[in-house]
Structure formats: structure tokens, C-alpha cells
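Before any comments, here is the structure.
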Amino acid sequence: MPLKINNNLTRRIEEFVPIKTSEVGMYVCGITPYDETHLGHARAYVTFDIIRRYLEYSGYKVRHIQNITDIDDKIIKKSEILNPKSENTDPKVKCREVAERFTDSFFEVMDRMNVKRADIYPKATEHIPEMIKWIGGLMDKGFAYKLDDGVYFEVAKFKDYGKLSRRKTEDQQAGARVEVDAKKKDPLDFALWKFAKPGEPAWESPWGAGRPGWHIECSVMSTKYLGEQFDIHGGGLDLQFPHHENEISQTEALTGKVPWVKYWIHNGFVTINQQKMSKSLGNFFSLKDIFKKFDPMVVRLFLLSTHYRSPLNFSDAQLAESKEAYGKLQKAVENLNFLILKVPEAEAEVEVLETDDELDVYREKFRSAMDDDFNTAGAIGMIFELVHFINDHVKEEKIDKGSLEDDKRLLIELCEVLGLRLELTQDKKMDRYVSEVGLSNDEVEMQIKKREAARTNKDFALSDRIREDLKKNGIILEDTPFGTKWSRHA
RNA sequence: GGCGCGGUAGCCAAGUGGUAAGGCAGCUGUCUGCAAAACAGCAAUUCGGCGGUUCAAAUCCGCCCCGCGCCUCCA
């Protein structure tokens, strides 16, 4: 079954056919680093991480570019708040400090969420000469004009304006909520270059010192690293208009190559109490705060439990559900690890082969869910069906080590496509546990031996007490036909 | 005013014509010294409402109700 993608440009589910046979160029709109990364950002970047991972799983080589808007009004504003005003400090340096601080923080939380790094993270400030060249080109072609506060793109000159967001200029209530700049030829015209006010960071340009407008960087940097036409461009749904619409206008106006981008993908919002989580409403939760309560993998599972285009409502109760669900996945692996150590090799080759065939069914079901516009919710359902199969399989009398290893391999494989680590987090927990509480593996094993002796002597009061004491220290004991299994739960 | 998303069990959520995945919570049973985990079973006779098309509709069409988003910086 071929991969199908909901293309926001055509508003259709389309078969995915990249421009080059086996390589995919993907550009994702990145952050403006002026504040902590929040759950809404996480949803966007986890979504595109899944798209990238699944494309790679499907055999494509993916070139993933994600920009960092390291200069803009919000960063300037923040630099003035964070640094007490000082005439001696270079505004560019002040802005860079803000951008670097929050960029570092962004990478830290994304790494914890197991989001794969893009191939390149181009920064706006490092592409100023290219942007100036583009703006000059647009001026030469008659798509741009200069006012006393900047250079603007003239929307009326670009006949396809609105093709992504399905907006007609005349239908919009221009100035409904934001005052229209009377000097602009049309309220929809947008800045390509903004002239600097005193004290603002500025770069020289043929039109005057200033900084780039918001949209130009994405056109310039995406085409620089992916070519004048490429496969996928994505970001949050809130970027569709005006940001992506404007990007299309200026790019296609300049290059004349249509379509600039073949597939447009937008992820839905995270909401709180059914309202959009956003900086402007102030109802956002930073990932760092969420991680104080929930493991990053739990957050990831939570984000993937809804299709990427649907709204996703955030609440602690929902995350708590995801935590339980994630625990069930971990439990299955723990269980397999335990049994793999205890169970002998297969006697008959035949049984192993049968298991392989059965496992393939789950892989195929998983793939067909993912092929359907990256239906992670469906794919997770399939993973749980596999877990169910494994838990059932494990109870059979004739289980052998080889088929248990096959079970584990597939479970890990599918979770890995979704970026869900099952074992590593567990290891991290153990490290943390040992360093914080100081109960070593050997000490736990010793307690278990003591308890086993007590059970043999039918001293259940003692054995239960040992189990209780360990539980207070986060060690869970479970008795199985193969002996007592233990695990740590932070 | 324009454009768009959604309404499926107590909660979350897949499913776009063939008779309701999965997760969480709950109940019953099996297993266990007791637990835990797991497994088995129960739980929506039904998919916001009303009509229509069809042998067949959560899925297609029409109308209506409700929640939300974009049109402004935003992932």
C-alpha cells in the first residue's frame, strides 16, 4: 500500500510521490527562540519527527531542514527585558544572547523527547546577504516597493495569492482587529525588510539599515538547502496564514517555478480547556515544567495518541492515562527481557517460523495505519494488539528464547518508528534511582533471596514485609513460574 | 462576514459504504500462600439531532444544534 498524505495545498489525500525517486526534501518552520519551548511546539516537532522517521522506515533518504528565527521583534523586546538597558551593549549581541539561550533550551527538551536532529538548522542572521539578494530580485521584478519604514511585497501583483489558505483578498475583514497601515498599498502587503529604529539591531542593505521581515528567511533558506522546488513544507496550522501564504508568493514570484513545494503539511493545535494553547493567551505549559511530572516518553505517547491534524486537549488526567499506557509497553519489554534470560532455546524450528508469520501481520497493520496520512493513533492501537499477542504468547508452555527475541525485536522496531524508547528510559531511571536512593542491584537481589527462603518456610508475614519494604523504595516484586521478577518504578 | 476543524462508551481515541480498533478507569473470573502482572469475559444494539439515498450508513446527501480555530505575533 502506498503512503498517502493529506496535502494542505490541494486539500486532498494524495499518494506521496517525491520529486526525486528515493530522496525527500523536508523543510519545517522552526522556533523563534525568545521563550521556553512549550507543549504546542512539541506537538509540531514530534509530528514532523514522526513523518521523517516513517519516511526513513519506508526506505527514503530524508533531508530535513529546520530554521531558527534568531532575529525578530519579540527577541528584540526580550533582549531589552533580560538585559538592563545599556548604551554600551551592542543590540545584535544582546539579541544573540537571548536567541542562544532559548535555542539551547529547545535542543535540550527536544533531545529528551527523542526528536531526531534535523540535518541543518539555518539561522536567519546567518543568511542576511542571500535575503537582500532575494529582496532585490523582487524589487527588480516589480513585486516589491519601498516605504519609509521598510520594503514591502505587493500582494496584488501575485495572482495566486491565497491558494494555500483559500482566502480571497476581498473576503477578509482587513483591519478588523489590527489597525491597517495606511501607507501600504494593500493591508495584506507584508514586510520583506524593516528599517531599524534607533537602538535596534541592524544590517546594511541597499534600501537602508534594518532587519529581514518574518517570511523571507524561510523562502531563502529552504531553497538554499533544498533547491528551488522540494517535497514537504510543514509547520503548525497557525503558520498557514499568513506566513506560508506569504512564503509561497515571494518564492514563486521570484523563481517562477510552480509549485515551489509539492506537499504542505500542518499539524493541529494543543488546547487547554478546548482553547488554543498560545503565548498570547498565556495558557501555555513549558516542556520543562511538564517533565517535572511526566517522563518525556509519556508526553510523546500522549501527543501521538491523536492524529496530528486533530486538536489535542491537554490535561494532567490525560497525561496520567498515557503514563499508564506507556507503562504497559515498558512492562511487556521488561517481561520479555526477564523470560529471555530464563527460557531455553527452541527444540523445534517449526514453532519459531509460525511465530514469525504471525508477527508479520502486526507489522503490516502498523504500516497500513501509518501509510494512511501518518495515523499514529491507529498505529499505536496496533502496537497494543501486538503487546496483547506477546503477553498471550508468553503464557504458552512451549515458548522458546528465539521467538521471545523475535517478539521483542518487533515491538522495539515499531515503537522506534514512533520514536518511543522503551528501554533506555528505564535505564536512566535506574541510574537516577541508584544515585539518589542508593539501593544497588545486589542489595535488591539479596532481599529477594531472603524473601524466597521465607516463602519456602511458609513465613508469609516476613515475605510480605520484605515485599512491602522494597515497594516503599520503588522496587516492585512479581512472582512468576520462572522465579521472582523485580523492577524499579520511579 | 469569509475560510476551516471537530462532536464515536465514564474519560481519551481509531475507523469514510458491509455491520463499532486500541488505551485509561470499572466489574466478574482464571492464576497466586496472598499480591502484582497477565489472560478470559462483561461494558457503546450504536456513532450530536432530524430527514434522505442504498440490499446495507458512524461512514454518502440535505437541513439543524453544539464546541473550537484562522482571518493579528503564534507550532
Side-chain angles (χ1 to χ4, degrees), chain A residues 8 11 13 28-32 34-35 37-48 72-74 77 162 165-179 187-188 214 234-243 245 266-271 273-281 284 301-302 305-307 309-313 315 317-329 331-332 334-335 365 369 372 375-388 390-392 394-395 455 458-461 463-464 467-468 471 476-481 485 487:
Chain A
N8 243 351
R11 305 291 165 104
I13 306 260
V28 180
C29 281
I31 53 157
T32 301
Y34 73 102
D35 206 343
T37 305
H38 64 70
L39 190 60
H41 298 115
R43 185 169 196 205
Y45 302 120
V46 165
T47 294
F48 289 97
D72 95 317
D73 295 8
K74 296 185 291 290
K77 206 171 156 191
S165 55
R166 309 281 156 124
R167 278 159 218 272
K168 291 178 186 140
T169 313
E170 59 271 22
D171 287 341
Q172 296 202 58
Q173 286 187 321
R177 282 188 282 176
V178 167
E179 208 174 319
L188 285 173
W214 174 30
L237 191 56
D238 44 2
L239 296 180
Q240 184 180 44
F241 188 90
H243 185 51
E245 195 67 61
H266 295 102
N267 62 276
F269 299 125
V270 176
T271 59
N273 298 326
Q274 322 304 333
Q275 280 207 316
K276 183 188 170 189
M277 179 183 288
S278 71
K279 292 284 172 74
S280 44
L281 289 172
F284 63 92
L301 181 63
F302 167 70
S305 63
T306 301
H307 187 93
R309 281 187 284 112
S310 305
L312 173 63
N313 200 45
S315 71
Q318 281 317 119
L319 275 174
E321 282 190 11
S322 294
K323 182 180 177 179
E324 292 304 317
Y326 179 65
K328 190 167 178 171
L329 296 176
K331 189 104 196 158
E334 262 174 33
N335 209 6
K365 282 181 166 179
D372 182 14
N375 183 354
T376 52
I380 288 168
M382 293 314 128
I383 286 177
F384 278 102
E385 285 190 10
L386 170 64
V387 166
H388 198 264
I390 289 171
N391 286 338
D392 204 27
V394 145
K395 294 190 134 190
R455 290 180 75 206
K458 308 253 183 230
D459 185 354
F460 295 122
S463 80
D464 287 354
R467 188 168 61 192
E468 272 307 303
K471 192 176 175 185
I476 306 292
L477 298 192
E478 290 169 34
D479 298 324
T480 81
K485 181 161 88 74
S487 56

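The structure presented is a predicted model; accordingly, all values stated were derived computationally and were not measured.
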Non-hydrogen atoms of A/Glu334 and A/Ser487 that approach each other most closely: OE1-CB, 3.3 Å
Where A/His243 and A/Cys29 come nearest, the two heavy atoms and their spacing: NE2-SG, 3.6 Å
Report yes if a side-chain nitrogen or oxygen of [X] is closer than 4.0 Å to either non-bridging phosphate oxygen (OP1 or OP2) of [N]; otherwise report no.
X        : N     : answer
A/Lys328 : B/G23 : yes
A/Asn391 : B/C39 : yes
A/His388 : B/A40 : yes
A/His38  : B/A75 : no
A/Lys395 : B/A40 : no

Between the base of [N] and the side chain of [X], is one N or O donor paired with an acceptor at under 3.5 angstrom?
X        : N     : value
A/Asn273 : B/C68 : no
A/Glu321 : B/G23 : yes
A/Arg467 : B/A35 : yes
A/Asn375 : B/G15 : no

Which nucleotide, in any strand shown, forms a Watson-Crick or G-U wobble pair with [N], with both distances under 3.5 Å?
N     : value
B/C63 : B/G49
B/G10 : B/C24
B/G29 : B/C39
B/C34 : none
B/C3  : B/G69
B/C55 : B/G18

Between [atom2] of [N] and [atom1] of [X], the distance in whole Å:
X        : N     : atom1 : atom2 : result
A/Arg166 : B/C3  : CZ    : P     : 12 Å
A/Phe269 : B/C5  : CZ    : C1'   : 10 Å
A/Phe302 : B/C12 : CZ    : C1'   : 9 Å
A/Leu477 : B/A36 : CG    : C1'   : 10 Å
A/Glu468 : B/A35 : CD    : P     : 13 Å
A/Glu334 : B/A36 : CD    : P     : 17 Å
A/Lys276 : B/C5  : NZ    : P     : 17 Å
A/Asp238 : B/G4  : CG    : P     : 18 Å

Please measure how far the [atom1] atom in [N] lies from the corresponding atom in [M], and state the result in whole Å.
N     : M     : atom1 : value
B/A14 : B/G7  : C1'   : 15 Å
B/U53 : B/U59 : C1'   : 14 Å
B/G17 : B/C55 : C1'   : 12 Å
B/A44 : B/U30 : P     : 24 Å
B/C34 : B/G18 : C1'   : 49 Å
B/G62 : B/A57 : C1'   : 15 Å
B/G26 : B/U32 : P     : 24 Å
B/A40 : B/G4  : C1'   : 46 Å

Using a 4.0 Å heavy-atom cut-off, does [X] contact any base of the nucleic acid, only the sugar-phosphate backbone, or nothing at all?
X        : answer
A/Thr480 : nothing
A/Gly381 : base
A/Val270 : base
A/Ser278 : base
A/Gly234 : nothing
A/Gly40  : base

First encountered from the 5' end of RNA chain B, between A/Lys331 and A/His307: A/His307
Nearest-nucleotide comparison on RNA chain B, the residue closer to the 5′ end among A/Arg11 and A/Ala44: A/Arg11
Between [options], spot the one nearest the side chain of [X], thanks.
X        : options             : value
A/Phe241 : B/A75, B/C70, B/C34 : B/C70
A/Asp372 : B/A75, B/U16, B/C24 : B/U16
A/Pro311 : B/A14, B/G22, B/C5  : B/C5
A/Ala377 : B/A14, B/G2, B/C34  : B/A14
A/Glu478 : B/A35, B/G23, B/A21 : B/A35
A/Gln275 : B/G69, B/G4, B/U16  : B/G69

Option passing side chain to side chain contact (heavy atoms under 4.5 Å, CB included) with A/Asn8 (candidates A/Arg166, A/Arg309, A/His266): A/His266
Sidechain-backbone polar pair: A/Asn313 side chain, A/Asn273 backbone, donor-acceptor under 3.5 Å: yes
[Y] side chain reached by [X] side chain, heavy atoms, under 4.5 Å:
X        : Y        : answer
A/His307 : A/Asp372 : no
A/Thr306 : A/Arg43  : yes
A/Tyr34  : A/Asp72  : no

Stacked pair A/Phe460-B/G33, distance under 5.5 Å, angle under 30°: yes
Step-by-step side-chain contact (heavy atoms from CB on, under 4.5 Å) determination, A/Lys276 to A/Asp238: CA-CA 10 Å; A/Lys276 183 188 170 189; A/Asp238 44 2; 3.4 Å; yes
Carboxylate-amine/guanidinium contact A/Lys365 A/Glu385, below 4.0 Å: yes
